[in-house]
Number of protein chains: 2
Amino acid sequence: MDDGRATTTRGGENLLFLTDEQLRQGIEAMFFAYRGFTADPDRILSDMAYGRAHHRAIHFINRAPGTTVNNLLNILGVTKQSLNRVLRTLIEDGLVQSRVGTSDKRERHLFLTEDGRALEGRLSDAQRARMRTAFRDAGPEAVAGFRTVLEAMMDTEMHRTYQRLKESGA
Amino acid sequence: MDDGRATTTRGGENLLFLTDEQLRQGIEAMFFAYRGFTADPDRILSDMAYGRAHHRAIHFINRAPGTTVNNLLNILGVTKQSLNRVLRTLIEDGLVQSRVGTSDKRERHLFLTEDGRALEGRLSDAQRARMRTAFRDAGPEAVAGFRTVLEAMMDTEMHRTYQRLKESGA
DNA sequence: CAGTTTAAGTCAGCCTTGTTGACATTCCAA
DNA sequence: TTGGAATGTCAACAAGGCTGACTTAAACTG
């Protein structure tokens with residue numbers, strides 16, 4: 001254990017923003033906020049035979065249409081067996097379409113179908129609504145801080161993945 | 001779906017901080033950051049017969065020593081059967097002690113043993129180290145924004161629980 | 001005091017989602 | 001043509017959620 005005190009070079013104000021107590025509060029805030037973050041989509045999904053894993057797959061396929069299975073694997077950080085179980089049900093249920101690659105026919109390119117986009121919309125509308133309210137209540141400066149801290153919290157590899165996705169966005 | 005545009009009353013700067021693209025980036029940042037957030041304790045726990053659920057129980061028992069089972073249930077938001085499975089192993093392994101209540105003998109008050117505190121220390125050191133680095137790199141203003149947004153993201157009930165814990169801290 | 005409610009614990013069974021390991025298929029590239 | 005890469009599949013398992021049913025003991029209440 002350390003003494004919980006840390007200094008800032010920023011001239012004295014907020015000298016104690018790195019005490020163990022502050023860090024603990026940050027940890028607990030993360031725990032509770034993540035529950036809120038997933039609560040709305042979870043509620044929608046609990047009515048169907050789907051779970052959070054399906055939501056994640058749908059989100060990132062929508063995000064990067066035509067992505068390969070391997071690419072999705074890296075983004076999600078799970079095994080191919082785990083992802084495959086999820087993808088199989090989504091394909092069977094007609095929410096995702098898997099197309100053999102043109103340049104490399106070993107690869108499968110993944111797309112959402114009409115139905116898939118419809119579900120994606122329902123899920124992300126709910127999640128965005130919460131995020132929007134939180135962002136609006138907190139204000140632009142807080143949002144900037146929020147994202148700065150989150151980015152610093154990622155592993156290097158995740159951070160690269162996140163940046164790549166971010167830059168590929170509008 | 002909405003048009004993704006939102007106005008801010010703050011005079012024009014950052015007019016677009018509530019576009020769907022910004023919200024999506026916030027959602028993805030949350031996803032990746034939470035993985036980083038849990039990665040270090042997960043690594044430690046994977047060597048033992050414990051998982052994230054044990055970590056959470058240990059964290060909050062350490063946080064509020066003498067808490068009752070029911071109270072812990074409300075904080076963690078799981079069923080008593082789920083929590084009981086975790087608590088039973090922790091008690092059997094001598095990391096947690098359960099004492100019959102004095103005023104109300106139906107209640108059990110939970111405490112970490114010496115060994116329990118030792119494990120708690122290992123786990124939270126790892127998690128705090130990451131949080132500390134992230135906080136230090138981001139700076140005090142970003143940290144304030146981070147916590148403002150996270151609090152706004154919680155459900156009302158969670159937020160109350162979080163506030164109560166926060167105020168009971170040093 | 002009798003009856004009800006509450007706190008905790010337990011048993012059984014189910015689901016989702018992660019894991020390993022083994023193995024088949026297809027196809028690119030050296 | 002052969003090795004390796006990408007994908008898919010099968011089986012088995014574990015963690016950690018869930019529901020439902022039930023017990024015990026203590027506390028509360030009419």
Side-chain angles (χ1 to χ4, degrees), chain A residues 31 34-35 38-39 41-61 66-93 96-110 123, chain B residues 31 34-35 38-39 41-61 66-93 96-111:
Chain A
F31 169 69
Y34 196 77
R35 277 233 303 261
T38 56
D42 281 358
R43 244 186 307 274
I44 295 172
L45 289 161
S46 71
D47 295 339
M48 325 186 193
Y50 297 139
R52 217 175 274 182
H54 300 85
H55 180 198
R56 289 196 284 258
I58 287 174
H59 173 96
F60 285 108
I61 293 173
T67 185
T68 63
V69 173
N70 217 25
N71 187 29
L72 199 51
L73 237 42
N74 291 327
I75 292 172
L76 296 173
V78 298
T79 59
K80 64 175 175 173
Q81 293 92 331
S82 227
L83 175 59
N84 190 254
R85 176 170 37 201
V86 166
L87 279 183
R88 191 167 41 207
T89 67
L90 290 174
I91 292 169
E92 280 170 7
D93 296 352
V96 167
Q97 198 197 357
S98 165
R99 293 186 209 153
V100 173
T102 46
S103 66
D104 184 338
K105 291 175 189 163
R106 291 167 304 179
E107 295 179 340
R108 299 295 182 285
H109 298 279
L110 302 169
L123 295 171
Chain B
F31 169 70
Y34 196 78
R35 277 235 303 262
T38 55
D42 281 358
R43 244 187 307 273
I44 295 172
L45 289 160
S46 71
D47 295 340
M48 326 185 192
Y50 298 139
R52 217 175 273 182
H54 300 83
H55 180 197
R56 289 196 284 258
I58 287 173
H59 173 96
F60 285 109
I61 293 172
T67 186
T68 64
V69 173
N70 221 17
N71 187 30
L72 198 52
L73 236 42
N74 291 327
I75 292 172
L76 296 174
V78 296
T79 60
K80 64 175 176 174
Q81 294 92 327
S82 234
L83 176 59
N84 192 253
R85 178 169 35 199
V86 165
L87 277 183
R88 194 166 39 204
T89 66
L90 290 174
I91 291 169
E92 278 169 7
D93 296 352
V96 168
Q97 197 197 357
S98 165
R99 293 185 209 152
V100 173
T102 47
S103 66
D104 186 337
K105 289 175 190 164
R106 289 171 306 179
E107 295 179 339
R108 298 297 132 81
H109 298 280
L110 302 169
F111 300 87

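From a predicted model like this one, the values you see are computed outputs, not experimental measurements. Lettering follows sequence order; numbering is per chain, from 1.
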Considering non-hydrogen atoms only, spot the tightest contact between [X] and [Y] and give its length.
X        : Y        : result
A:Val69  : A:Leu83  : O-CD2, 4.0 Å
B:Leu72  : B:Ile61  : CD2-CG1, 3.9 Å
A:Arg108 : A:Arg106 : NH1-O, 2.7 Å

[X] side chain near [N] phosphate (N/O to OP1/OP2, under 4.0 Å):
X       : N      : result
A:Asn70 : D:dT7  : yes
B:His54 : D:dA15 : no
A:Thr79 : C:dT19 : yes
B:Arg52 : C:dT17 : no

Taking atom [atom2] of [N] as reference, at what distance in whole Å does atom [atom1] of [X] sit?
X        : N      : atom1 : atom2 : value
B:Asn84  : D:dC18 : CG    : P     : 13 Å
A:Lys80  : C:dC23 : NZ    : P     : 13 Å
B:Ile58  : D:dG16 : CD1   : P     : 11 Å
B:Glu92  : C:dG9  : CD    : P     : 12 Å
A:Arg108 : D:dA5  : CZ    : P     : 18 Å

Is a donor-acceptor contact shorter than 3.5 angstrom present between the side chain of [X] and the base of [N]?
X        : N      : answer
B:Arg85  : D:dG17 : yes
A:Gln81  : C:dG21 : yes
B:Arg106 : C:dT6  : yes
A:Lys105 : C:dT26 : no

For B:Ser46, report the nucleic acid contact type (base, sugar-phosphate, nothing); a contact means any heavy atom under 4.0 Å. nothing
Contact class for B:His109 vs. all strands (heavy atom < 4.0 Å): base, sugar-phosphate, or nothing? nothing
Chi angles and distances behind the side-chain contact (heavy atoms from CB on, under 4.5 Å) call for A:Ile58, A:Tyr50: CA-CA 11 Å; A:Ile58 287 174; A:Tyr50 297 139; 5.7 Å; no
Keeping A:Arg35 on the side-chain end and B:Leu76 on the backbone end, is there a donor-acceptor pair under 3.5 Å? yes
Name the residue closer to the 5' end of DNA chain C, choosing between A:Asp104 and A:Met48 according to the nucleotide with the nearest heavy atom. A:Met48
If you pin B:Ile91 and A:Ser82 to their nearest nucleotides in DNA chain C, which one's is more 5'? B:Ile91
